[in-house]
Amino acid sequence: MNNFQFKNPTKIIFGKGSIEKLANEIPEHAKVLLLYGGGSIKKNGIYDQVKMALSNTTVIEFGGIPANPEYEVLLEALEIIKTESISYLLAVGGGSVIDGTKFLSAAALYEGASPWNILSDNIRTEKGLPFGTVLTLPATGSEMNSGAVITRKETQEKLSMGGPGLFPEFSILDPQVIASIPERQLANGITDAFTHVLEQYMTYPAGGLLQDRFAESILQTLIEVAPKVIKDPTDYEATSNFMWSCTMALNGLIQQGVPGDWAIHMMGHELTALFGIDHARTLAVIAPSHYKYNFEAKKEKLAQYGERVWNITEGSTDDKAYAAIEKTVDFFHELGIATKLSEYTKDYEGTAEIISERFTSRGWLGVGEHKSLSPDQVEEIVKMAY
Ligand code: NZQ
Ligand code: ZN
């Protein structure tokens with residue numbers, strides 16, 4: 001196991017009726033900017049619950065943060081933070097609203113020339129404006145990590161940022177919010193969380209026995225609850241396990257002391273930036289090709305995953321590893337998630353070359369757990385995903 005230091009300061013307030021507890025978490029005399037997305041919270045009652053809980057707090061609102069939060073829209077919110085001397089941010093939404101809020105937390109205290117530099121120059125935020133979240137969509141784990149991904153429409157870019165100053169102070173997780181999530185977003189959430197675990201697990205045996213079993217247990221739980229959540233998003237047992245699995249998949253715990261891959265996410269973000277494909281679906285497009293292309297390097301972990309998660313007992317290591325990839329593809333298909341780029345766009349020709357060029361121009365010359373996957377190899381993987 002590799003050496004590590006681990007600190008996750010986010011307080012989780014989990015369970016039925018937990019939105020009521022919001023006021024206890026906001027500092028007295030805070031001037032709050034409440035940030036939300038396209039309006040789902042106004043239809044499903046979450047907005048009313050939040051407003052009720054904050055009835056004694058000074059709150060200004062900013063709605064309209066789109067899925068794949070956009071830089072241009074966030075700059076409008078940044079203006080409000082400055083002109084209104086906002087002291088606390090509250091994200092009420094899914095990964096997009098929470099990520100947008102993280103960008104604002106960083107940008108509010110950033111003294112550089114342009115807030116875009118936080119993304120383009122990969123500036124680590126040590127201290128941000130404090131914020132909390134009310135999670136409305138389990139998927140990304142953003143509610144308990146310090147990363148964010150921001151899109152710039154005019155240049156079709158989607159870049160990551162983060163730093164220890166960008167953990168939410170608290171996150172409220174009431175699984176009852178899942179009742180109103182459309183099936184497409186439920187499937188996305190399951191697929192995203194599942195792939196988060198894979199990115200931190202599907203590398204090479206690294207002696208992280210406990211980390212492996214944490215990872216496998218999250219995958220098993222997601223497989224078990226997925227059909228129940230899709231069938232009945234008011235099933236509390238299924239949805240509470242779904243929600244907690246998504247958080248645990250990307251709050252840093254399973255990544256400690258072991259290598260991580262993350263190349264699937266890096267390629268996937270480009271597909272969202274270029275075609276607007278939902279984040280989770282881009283992962284389902286890239287993952288099978290990535291695992292087939294890197295089969296030799298990953299086959300031991302693929303076979304272990306096949307045995308322990310999918311109960312594949314027959315055949316050689318190669319047979320089990322291959323069958324595990326097939327099982328993963330079937331799982332995505334059962335969720336209604338297509339796994340080929342051509343199923344999302346007719347304009348896929350040339351995509352692999354564009355992505356490869358972008359990786360080269362950003363200096364991403366070796367990605368994956370061995371930092372050895374070159375832009376040319378990335379190009380081949382994306383082509384395999386057409
Ligand atoms: O905008 P509204 O109207 O709220 O509707 C949203 C949105 O259309 C809707 N929704 C959310 N909660 C709902 C609901 N609809 C009904 N009832 C509810 N309770 O769902 C739609 C999608 O929301 P979004 O926040 O975009 O989804 P998700 O949570 O999947 O977030 C995706 C974003 O997170 C980034 C992705 O790249 C993408 O930009 N990620 C962030 C990560 C992180 N910070 O750690 C890691 C991930 O790998 C990912 O990259
Ligand atoms: Zn993801």
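Order of listing sets the numbers, starting from 1, for every ligand and every atom in it.
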If you consider just the N/O/S atoms, which atom of Asp192 is the closest one to the Zn ion (ligand 2)? OD1

Examine distances only and state if a side-chain atom of Thr140 and a backbone atom of Ser142 form a donor-acceptor pair shorter than 3.5 Å. yes

Taking the Zn ion (ligand 2) as the vertex, what is the angle from NE2 of His196 to NE2 of His265, given to 10 degrees? 90°

Side-chain touch Pro138/Trp244, heavy atoms, less than 4.5 angstrom: no

For Gly252, is there any backbone N or O sitting under 3.5 Å from a side-chain donor or acceptor partner on Gln256? yes

Salt-bridge test for Lys42 and Asp48: reply yes if a basic N is under 4.0 Å from a carboxylate O, no otherwise. no

Taking Glu157 first and then Arg358, would you say they form a salt bridge - that is, a charged N and a carboxylate O separated by under 4.0 Å? no

Does the gap between the ring centers of Phe275 and Tyr344 come in under 6.0 Å? no

Salt bridge check, Glu353 against Lys383: does any charged N sit closer than 4.0 Å to a carboxylate O? yes

Could you please provide the protein residues found below 4.0 Å of ligand 1 on a heavy-atom basis, arranged by chain and number? Gly37, Gly38, Gly39, Ser40, Asn44, Ala67, Asn68, Pro69, Gly94, Gly95, Ser96, Asp99, Thr136, Leu137, Ala139, Thr140, Ser142, Asn145, Gly147, Ala148, Val149, Lys158, Val177, Ser180, Ile181, Pro182, Gln185, Asp192, His196, Leu250, His265, His269, His279

